[in-house]
2 protein chains.
Amino acid sequence: MELSERKKKILQYVVDDYIETAVPVSSKSLTERHLSNISSATVRNELSALEELGYLTQLHTSSGRVPSAEAYKLYVSDLMVKDKLSDKELDYIKKIFLEKADNLEEVIKNTTKIISELTSLTSVGVVSPDVGEKINVIKFFRFKPDTALVLIVTERRLLKDNYINVPESMTDEQLVEAETVLGKLCSGRSFEEICSIKDDISSEFAGYKNIFLNLVEALKVYMTVKESDVVMEGQDKILNHPEYADINKIKNFLSVVTQKDKVMTLLSGDGRDIKINVKIGTDGYEEIPDDCSLVTATYSANGVKIGTYGVIGPIRMDYQKVVAVLENVGKILESILTNR
Amino acid sequence: MELSERKKKILQYVVDDYIETAVPVSSKSLTERHLSNISSATVRNELSALEELGYLTQLHTSSGRVPSAEAYKLYVSDLMVKDKLSDKELDYIKKIFLEKADNLEEVIKNTTKIISELTSLTSVGVVSPDVGEKINVIKFFRFKPDTALVLIVTERRLLKDNYINVPESMTDEQLVEAETVLGKLCSGRSFEEICSIKDDISSEFAGYKNIFLNLVEALKVYMTVKESDVVMEGQDKILNHPEYADINKIKNFLSVVTQKDKVMTLLSGDGRDIKINVKIGTDGYEEIPDDCSLVTATYSANGVKIGTYGVIGPIRMDYQKVVAVLENVGKILESILTNR
DNA sequence: GTTAGCACTCTTTTGGGCTGACTGCTAATT
DNA sequence: AATTAGCAGTCAGCCCAAAAGAGTGCTAAC
């Protein structure tokens with residue numbers, strides 16, 4: 001069922017005001033602030049209808065109205081007016097990105113830093129796993145008799161955090177040969193493809209089957225999100241929100257937001273596209289406290305996914321700002337990474 | 001001035017009880033729990049003398065006594081009886097370390113995890129910088145026309161987070177030669193030494209002076225503590241302490257303990273030796289809130305410093321436990337890293 | 001459909017009074 | 001000279017009642 005224009009407007013004002021003040025919104029304050037042309041009694045009738053429809057709740061019979069999770073969803077999708085960032089804020093984003101953007105890891109750190117800074121919320125980010133990435137170069141570097149570091153260059157980054165076992169009997173020359181042969185096998189192919197050719201390895205590569213299998217194991221590590229791919233910033237920002245005055249709530253929130261594995265499962269779900277993704281209330285996400293929202297965006301450059309970023313905060317957060325920040329950070333980031 | 005034996009004993013009991021209960025300690029409870037042979041009035045006289053001496057304070061005229069920072073210091077250095085860990089706890093430590101100790105970074109993560117777990121406090125750790133480390137191998141890996149990844153193997157770890165610029169005109173063969181030549185120059189020498197030979201580079205190496213200078217810059221990065229060397233665990237643990245019921249205190253604490261750079265400056269100070277190091281109250285450390293303590297220990301194996309680890313928490317923390325954990329983690333860690 | 005007005009509900013604040021947990025002091029005791 | 005019993009004094013914490021304040025819902029009039 002469709003809401004009347006006036007109901008929409010009133011609901012928008014309620015959410016606006018509640019986000020701004022954190023105080024239940026009364027009919028009187030609405031007429032004073034936004035609706036001087038109609039009386040508070042009329043507004044009261046509308047409010048009580050909106051409550052009936054599930055968009056508003058009251059803490060007790062004589063308190064003002066508070067938006068429900070439903071109301072926030074409608075607000076974000078339909079009601080809210082999109083915010084613009086100031087030139088100062090845009091310059092700040094550009095400045096940070098241009099300062100240092102050597103490698104993907106650095107970029108991610110900066111991205112979450114910017115987002116947390118501009119939204120005054122806890123921000124989280126995760127690099128998309130390398131599933132579909134194409135491999136350019138593979139290199140082995142032996143640093144102990146029986147282990148070698150694996151270096152992999154893909155289109156978007158240099159992977160250098162994985163070790164494989166190599167037989168001690170293998171000479172350095174043989175390892176270089178393995179590198180050349182397996183390099184030939186892998187380059188130009190994606191992680192997925194390589195893992196799938198596991199068994200029917202042709203005779204040309206047969207001598208290096210064991211090394212290859214070890215390599216496949218190493219590749220697999222990059223195909224799922226790892227804790228080290230998760231970045232978090234500004235975990236203390238939640239304390240600036242008046243509704244988080246309760247120790248248990250804080251504890252609850254921090255127990256999610258100080259543990260990478262929890263944030264990981266949260267973010268690994270939605271890597272679909274560049275669009276903004278809003279989860280309000282639990283929405284089936286048991287990891288988030290149910291008075292929290294998670295707003296994320298997935299960025300790409302040159303058709304390659306960079307990662308998913310976003311904020312976690314109280315359900316009463318400044319969605320206008322958050323969406324504006326995520327959109328602009330995305331635009332600027334993508335343009336910087338694309339032009340080079 | 002030296003305290004009488006009885007005063008020491010009483011002060012010890014006060015600190016013991018206060019750490020246990022978080023409630024100001026009264027003369028009556030002291031006689032009931034520990035001093036049944038003397039009367040509460042006598043204890044009152046002693047308490048008031050200890051207050052005079054600056055070891056105890058009162059919140060208001062009719063409250064029990066609370067230890068001052070001075071009292072905690074004396075307690076840790078002289079008064080407290082050393083705690084022993086249970087076999088279960090010792091086994092837990094060993095289990096975790098034996099599970100995974102491939103590379104130094106992993107070990108550090110585990111160390112802080114164990115410490116936080118066993119003490120129920122926020123724990124922090126930092127790898128000691130590589131200043132005095134001797135280099136074994138240096139390797140360049142070109143992954144863009146003008147940049148190469150620098151791999152450095154030292155006695156204790158593989159460093160792989162630094163890039164240098166190389167001239168695009170340089171062929172891969174030339175780069176390999178640079179690697180061999182500079183490898184000869186550097187291997188067996190410490191970071192410090194290499195940086196100091198900067199200028200009077202002998203003719204043999206003259207052709208690679210620019211690469212060498214870039215390499216020196218890369219080395220320098222490893223000679224100071226970096227944010228990525230800092231690890232933190234259990235930032236939410238502070239919320240279990242009843243004296244941290246105040247939002248502002250929590251905010252204060254978290255603003256330190258969620259920011260790596262702040263923790264970094266805290267820890268980079270004292271890398272002297274294996275001894276336990278206790279900073280109680282501010283003690284001139286403006287980064288810590290003044291109702292907090294920082295207890296750290298620096299570990300080594302085979303004469304090589306591994307890093308500095310410790311806990312940050314309320315001044316009223318269980319020092320017996322903390323010291324016991326730090327000592328035992330150190331012993332086990334050092335023995336594991338030494339025997340191999 | 002809108003509005004003024006009033007009764008009603010519920011939270012929050014205020015303040016008094018009481019209790020209980022201490023201490024400090026004094027005078028008596030060992 | 002050190003210890004102790006006893007008592008007066010202080011202060012936080014709790015309970016309770018009363019008052020104030022903020023808002024709603026409803027009704028009757030416009």
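Just so it is clear: chains get the letters A, B, ... in the order the sequence lines come, proteins before strands, and each one is counted from 1. Bear in mind that the values here come from a model prediction, so they are computed numbers and not experimental data.
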Taking the side chain from [X] and the backbone from [Y], do they hold a donor-acceptor pair closer than 3.5 Å?
X	Y	answer
A:Gln58	A:Thr61	yes
A:Ser77	A:Leu74	yes
B:Glu89	B:Ser86	yes

[atom1] of [X] versus [atom2] of [N]: gap in Å, rounded?
X	N	atom1	atom2	value
B:Asn45	D:dA1	CG	P	15 Å
B:Leu35	D:dT3	CG	C1'	14 Å
A:Asp17	D:dA22	CG	P	17 Å
A:Glu51	D:dT24	CD	P	10 Å
A:His60	C:dT12	NE2	P	7 Å
B:Ile10	D:dT3	CD1	C1'	13 Å
A:Glu52	D:dT24	CD	P	16 Å
B:Gln58	D:dG9	CD	P	18 Å

If you compare every side-chain N and O of [X] against the phosphate oxygens of [N] (OP1, OP2), does one of them come in below 4.0 Å?
X	N	value
A:Arg65	D:dA22	no
B:Thr61	C:dT23	no
A:Ser63	D:dG23	no
B:Arg6	D:dT3	yes

Quick check: on DNA chain D, is the nucleotide nearest B:Ser62 upstream (toward 5') of the one nearest B:Asn37, or the reverse? Name the residue that is more 5'. B:Asn37
Quick check on DNA chain D: between A:Pro24 and A:Ala41, whose nearest nucleotide comes earlier from the 5' end? A:Pro24
Is A:Arg44 side chain donor-acceptor paired with the C:dG5 base, going by distance under 3.5 Å alone? yes
N-O pairing of B:Glu20 and B:Arg33 below 4.0 Å: yes
Do the charged groups of B:Lys251 and A:Asp236 touch, with an N to O distance under 4.0 Å? no
Checking C:dA4, D:dC11, C:dG24 against the side chain of A:Ser39 (C-beta onward), the nearest is C:dA4
Name the nucleic acid region contacted by B:Ser27, choosing base, sugar-phosphate or nothing; use a 4.0 angstrom heavy-atom cut-off, strictly under. sugar-phosphate
Tell me what B:Leu59 touches on the nucleic acid: a base, only sugar-phosphate, or nothing, going by heavy atoms under 4.0 Å. nothing
